[in-house]
Amino acid sequence: QVQLVESGGGLVQAGGSTRLSCTASGRTFSNYAMGWFRQASGQEREFVGTIGRSGSTTYADSVKSRLTISRDNAKNMVYLQMNNLKPEDTAVYYCAASPYYSIRATTYDYWGQGTQVTVSS
């Protein structure tokens with residue numbers, strides 16, 4: 001089993017930046033692709049981005065120009081840097097782990113509890 005804990009959420013003004021962190025424990029972190037997903041109030045869960053074991057990244061088209069995912073295997077951590085935030089970025093952001101490189105939520109076996117990001121206008 002893998003346990004995931006997100007941190008770094010909070011309130012930020014439109015145009016600002018924030019960095020979310022996810023810390024993993026329980027299994028070898030480097031064996032997993034790590035994904036970020038988000039869910040806004042009343043909306044479906046949405047893929048944000050993922051980073052594979054080799055460091056390859058894939059981003060949703062709606063956010064790719066503003067987001068950067070990175071990982072530090074030695075620290076068992078993955079990060080989501082978000083710049084030029086917009087009100088529509090407001091959502092609960094989830095970190096997830098998958099044995100496969102994928103943009104599909106169903107392939108992710110382990111999930112954190114999420115962290116709220118609120119972008120004010």
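Just so it is clear, the model here is predicted, and its values are computed rather than measured.
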Give a yes or no on whether the backbone of Met34 and the side-chain of Thr50 come within a donor-acceptor separation of less than 3.5 Å. yes

Determine the minimum heavy-atom distance between Ala24 and Leu4, stating which atoms define it. CB-CD2, 3.5 Å

Give every residue pair that meets the side chain to side chain donor-acceptor pair (under 3.5 Å) criterion with at least one member in residues 89-99, sequence neighbours excluded. Arg38-Asp89, Arg38-Tyr93, Arg66-Asp89

May I ask you to list the residues sharing a hydrophobic cluster with Tyr79, side-chain cutoff 4.5 Å, ordered by chain and number? Met77

Show your reasoning for whether side chain to side chain contact (heavy atoms under 4.5 Å, CB included) applies to Met82 and Leu80. CA-CA 6 Å; Met82 303 179 66; Leu80 177 64; 3.8 Å; yes

Are the side chain of Tyr101 and the backbone N or O of Thr58 linked by a donor-acceptor pair below 3.5 Å? yes

What's the shortest heavy-atom distance between Asp109 and Pro99, and which atoms? OD2-CD, 3.3 Å

In terms of heavy-atom contacts, Gly8 and Thr18 come closest through O-OG1, 3.4 Å

As a quick check of understanding, evaluate side chain to side chain contact (heavy atoms under 4.5 Å, CB included) for Ser62 and Glu46, giving each step before the final call. CA-CA 10 Å; Ser62 61; Glu46 177 186 20; 3.5 Å; yes

Okay, side chain of Tyr108, backbone of Ser102: is any donor-acceptor separation there less than 3.5 Å? yes

Please check: side-chain N/O of Arg45 versus main-chain N/O of Ala40, any donor-acceptor pairing under 3.5 Å? no

Quick check against the 3.5 Å criterion: does Arg71 have a side-chain atom that pairs as donor or acceptor with the backbone of Phe29? yes

Checking Thr115 against Leu20 for the side chain to side chain contact (heavy atoms under 4.5 Å, CB included) test, could you report, in this order, the C-alpha distance in whole Å, the side-chain angles of both residues, the deciding distance, and whether it holds? CA-CA 8 Å; Thr115 185; Leu20 307 184; 4.1 Å; yes

Do you know which two heavy atoms are closest between Phe37 and Ile103, and how far apart they sit? CE2-O, 3.9 Å

Main-chain N/O of Ile69 paired with Tyr59 side-chain donor or acceptor, under 3.5 Å: yes

Is a side-chain donor or acceptor of Glu6 paired with a backbone partner of Gly114 at a separation under 3.5 angstrom? yes

